[in-house]
Amino acid sequence: MGERKTIMIVDDEPDVLLSVGQILEANNYRTIKAKDGHECLEKLKEEIPDVLLLDIMMPGLTSKEILNAIEKDSRFAGIKIIFLTAVHMLEAEEEDLLALKQVVDFIGKPFTMRELLDAIEKTD
Amino acid sequence: MKVKAEEEIYSKIIDVIQDIGGIGATIEEISKAVQLGRHTLSKYLNHLRADGRITYKQIGRAKIWSVSKSPLQHIFLLSEEEKTYTEKIFSRILSYMPEGILILDFDYNILFMNRYLTALYGDCIGQKYYHVFFGSAHQRQTLSRIAEVIDGSSEEVESREEDKDGRILDIKARRVENPDGSFSVIAIIHDVTEKVKYEQRIKNLSELHRLLGESVNRSYTIHQLCSTILKNLRDVISFDFGDILIYDPVKDMLFSYAQIGYPVGETSGAEEWKRRIAMEAIHRKEVIFFDFFDSRKGMVELELAQTAFRLAGEYNLQEVYAIPLKTKGELHGALLILTSSGRTISEEDRSLLEGVSEAIAGGIAKIKAEEEWRLKANAIRISTQPIFMTNLEGNQTYVNHAFMEMWGYKAEREVLGRHCSSFWKDEAKAEDVLTTVREKGTWEGDLTALRKDGSEFNARLSASLIIGKKGPFQLVAAVTPHV
């Protein structure tokens, strides 16, 4: 059995952060939680996750700024990014958020946990 | 006593000047009538003139005195050298007032207008008020409420009136008694055109947004929404023809969803020309504008211009606007606004249209999403696989037709609101499934279902938690009966 994957969840909604975190742990994943972009980048300095679940509309740093910071730092090159957001995919495209190769999926809210678990599994 | 005596002399001098009348009186004539020496009389005359009660005209070396009908007018007719210090200060204050000052006699003749009004109408002293302001050859009661002051029905009036050039004027006028007992009308006039236009724009904008909100709430289909929007737009902004075309990004094509104003039974290539112009606005993501009577406006590439000119020829157009309808990142279509020859859309209305275009696009996006959801809901409804949804407590919130069939129920009220475990033989196991879905997000496995009539069947259940913007809120499950 391989090592447990680490998933970082970045969402400003505490209930999403808590529930998605608990469910992923119940599915044998390790989780790191960040309530905004600043906390995300701070925690990335301490630990590099395998997958980053990133909300798009959050206060503080924009998603583009987070992506830029990840792109610039070679230590983060292995992180797979899944957007988990209420923003329309075309809007994300317009904001040029899907261009980075590390972005592997885009899941619109509301979503089923089945979709999310499948997307995480596919990052192998 | 001395003051009273002086006042009597002043009155006598004015009476004499009025009695002589006509072209005015010389100092000799006045001197003879009031029996005062020239030197003393000259002193009194200068005092009266300083008060604005009499005035004079210099003819050669002689001064011809007359009673001042309009003291203010008198001040402005004098040269700078002739004015007293007070008159100079006063005339400057009046001239540079940031509002218009207008003085009329009771025959509507303009006696005085300050710089503010001269800048708007030119020097119109001596002309008729109604001609200068309203371009009318005759006074009519409906032209201006100043007539009420002149006919004596009002002492003072305040009104907002539109002049011959379309300016909106706030006019406050009242009657003023002159020293000779006659009356003048003094009016304070303020050009409020910009302010009124701005207020009207805000009013129109909020009215459009209100109508738009109403349209979105009441519309069930995009066709319905687009037709209502076009009608509402034409009620607020005057134009001749309009179209809303919806964009399909997959096919990169536009489809006409609503039109207004066009003659019935058109068979020309107009539809294609309109589509090309609208498509250009979509691809550029910016407004395209043609004014066919002013080539400097809306200059675009030759090919597009040719298309636009063909369209203009077809409908005898003056202007064409193609406004892309886009929300933040998504293009939904284009709004085409066309005006007939001789009619233009004002700058204000143009920016109004551009201002509401995003709201229109938002409305279209909302109805589109609703249509899409209805389609998906219909797909689930007609699916042959039983599907149900519950709230987090496990109470049924939705079942499709296949579920009703499979479990043998006729009416949804028999099913909705009931706990989901009651539809399975082993209720405790069904409770465990629910707990697992809440904790682990999903569950998949076999269960034995319990029909309404008590019969059983084995099925595979695949359930998942649904996470919304605020966290988990529903469960959804699909059932595959074992054959």
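In what follows, chains are A, B, ... by sequence order, proteins preceding strands, each numbered from 1. Computed from a predicted model, the values in this text were never measured in an experiment.
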Under 4.5 Å, heavy atom to heavy atom: which of residues 10-20 of chain A reach chain B? Give them by number, or say none.
A/E13, A/D15, A/V16, A/S19, A/V20
Heavy-atom nearest pair, B/E439 first then A/A26, reads O-CB, 3.5 Å
B/I467 side chain near A/K109 side chain, heavy-atom distance below 4.5 Å:
no
Considering all heavy atoms, the nearest B/T442-A/R114 contact
OG1-NH1, 3.4 Å
Got more than 12 heavy atoms from elsewhere within 6.0 Å of NE2, B/H401?
no
Rounded to the nearest 0.5 Å, the CG atom of A/L24 sits from the NZ atom of B/K440 at a distance of 12.0 Å
Sort by residue number and list every residue of residues 66-77 of chain A having at least one heavy atom under 4.5 Å from chain B.
none
Honestly, the part of A/L84 sitting under 4.5 Å from a heavy atom of chain B is neither
Quick one: of B/S464, B/P472, B/S462, B/G471, who has the most non-hydrogen atom pairs under 4.5 Å with chain A?
B/S464
Can you confirm whether more than 12 heavy atoms, excluding those of B/K368, are under 6.0 Å from its NZ atom?
yes
I need the minimum non-hydrogen distance between B/I466 and A/P110, along with the two atoms involved.
CG2-CB, 3.9 Å
